[in-house]
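Below you'll find the structure, written out as structure tokens, and then a few comments.
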Amino acid sequence: MVSKSKMEGSIGAKNKRKILAAAEKAFATHGFKGTSVQQIADEAGLPKTNILYYFKSKQGLYVALLQDIMSTWNSRFDKVTSEDDPAISLADYIAEKMTMSRTHPLASKIFAMEVLNGAPYLNKFFRNEHVAWMNGRVAILNSWIEQGRMQAVDPTYLLFHIWACTQHYADFSAQISSLRGKAMKRVDFDEATRQLVHLVLTGCGLAIPQKYLEAPE
């Protein structure tokens with residue numbers, strides 16, 4: 001028999017995910033200032049009081065959404081260590097970021113809008129968690145370089161380049177569709193991923209992992 005506390009926890013987690021999904025759609029469409037808690041509640045199909053119960057305020061929900069976006073983006077690369085294969089680690093990170101641009105384009109656009117506005121709601125997060133994450137990843141990239149496992153490149157710029165290239169497919173999807181004459185499908189994202197993996201890994205002096213060698217069918 002499921003305990004009451006576990007059931008309430010399961011319902012709470014489900015409601016939070018539903019609220020975050022609704023907030024993602026609302027903030028991407030209307031921006032932070034143009035979005036109301038009531039709009040998010042209507043989109044989620046929940047009472048306004050539920051939104052405020054879980055997130056306290058619109059700002060609290062917005063910050064939680066931004067942090068959730070960044071956590072999702074970095075999930076696989078969080079676990080990489082200096083003992084891992086740099087080619088596989090970087091290729092899989094690029095692929096994961098490209099998948100996020102395909103499946104969660106609104107999330108990328110919300111983050112881009114926040115940063116373009118000076119990141120007023122992420123300043124504390126940037127100073128603490130994000131800086132610590134970046135320093136940790138740079139240290140691992142440097143360790144691979146020191147071990148002679150990859151070419152000497154600036155780790156910070158490498159990560160910037162990966163973010164710029166992968167998030168471009170979400171943030172500038174309208175431009176891409178216009179120039180191509182059609183929207184990108186799954187197979188197009190797969191080919192774009194393969195091309196980007198080749199560009200980045202070649203620039204780092206790394207061999208291309210087998211699964212990224214052949215063009216998708």
Side-chain angles (χ1 to χ4, degrees), residues 24-25 28 66 68-116 119 130 133-217:
E24 179 179 290
K25 185 174 181 180
L66 288 168
D68 184 66
I69 290 169
M70 297 187 72
S71 175
T72 303
W73 275 344
N74 298 332
S75 59
R76 179 176 297 185
F77 211 51
D78 281 351
K79 302 174 179 64
V80 169
T81 70
S82 58
E83 284 74 43
D84 288 318
D85 185 319
I88 293 174
S89 299
L90 286 171
D92 287 349
Y93 181 50
I94 291 167
E96 186 176 64
K97 290 278 291 173
M98 287 292 287
T99 297
M100 283 297 298
S101 284
R102 177 177 62 83
T103 60
H104 293 79
L106 295 182
S108 184
K109 291 175 182 178
I110 291 169
F111 182 79
M113 286 191 292
E114 170 66 14
V115 174
L116 285 171
H130 197 39
W133 181 91
M134 184 71 168
N135 290 340
R137 299 310 89 190
V138 166
I140 288 171
L141 288 164
N142 275 327
S143 73
W144 287 335
I145 293 169
E146 290 166 3
Q147 295 173 49
R149 300 174 69 190
M150 63 179 282
Q151 188 173 312
V153 298
D154 187 302
T156 301
Y157 290 137
L158 174 59
L159 291 174
F160 289 163
H161 293 326
I162 290 173
W163 299 343
C165 291
T166 55
Q167 289 163 226
H168 175 89
Y169 287 91
D171 301 341
F172 291 88
S173 58
Q175 174 179 259
I176 292 170
S177 295
S178 177
L179 292 173
R180 296 181 73 249
K182 57 183 178 179
M184 290 184 67
K185 296 181 179 179
R186 170 69 180 269
V187 67
D188 301 314
F189 271 92
D190 289 345
E191 176 57 16
T193 299
R194 191 181 72 87
Q195 294 278 353
L196 183 54
V197 166
H198 279 242
L199 284 169
V200 173
L201 267 59
T202 299
C204 294
L206 296 168
I208 311 300
Q210 182 63 39
K211 63 180 176 179
Y212 297 105
L213 285 175
E214 297 180 3
E217 298 179 359

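Index from 1, following the sequence.
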F172 atom CZ, over 12 foreign heavy atoms within 6.0 Å: no
Intermediate values then yes/no, side-chain contact (heavy atoms from CB on, under 4.5 Å), K109 and S173: CA-CA 10 Å; K109 291 175 182 178; S173 58; 3.5 Å; yes
To the closest 0.5 Å, what do you measure between [atom1] ([X]) and [atom2] ([Y])?
| X | Y | atom1 | atom2 | answer |
| --- | --- | --- | --- | --- |
| R102 | D190 | CZ | CG | 7.0 Å |
| M98 | R194 | CE | CZ | 12.5 Å |
| D92 | F77 | CG | CZ | 10.5 Å |
| C204 | I145 | SG | CD1 | 7.5 Å |
| S177 | M184 | OG | CE | 8.5 Å |
| I94 | T99 | CD1 | OG1 | 12.0 Å |

N/O donor-acceptor pair under 3.5 Å between [X] side chain and [Y] backbone:
| X | Y | result |
| --- | --- | --- |
| S101 | T166 | yes |
| S143 | I140 | yes |
| R137 | P155 | no |
| H104 | A170 | no |

Salt-bridge criterion met for D188 and K182 (N-O under 4.0 Å): no
How close do [X] and [Y] get, counting heavy atoms only, and between which atoms?
| X | Y | result |
| --- | --- | --- |
| W144 | L90 | CZ3-CG, 4.5 Å |
| P86 | M150 | CB-SD, 4.4 Å |
| T193 | A95 | CG2-CA, 3.7 Å |

Parallel, tilted or perpendicular: rings of W133 and Y93 (30°, 60°): tilted
Audit row: L158, V200, side-chain contact (heavy atoms from CB on, under 4.5 Å) steps and yes/no: CA-CA 8 Å; L158 174 59; V200 173; 3.8 Å; yes
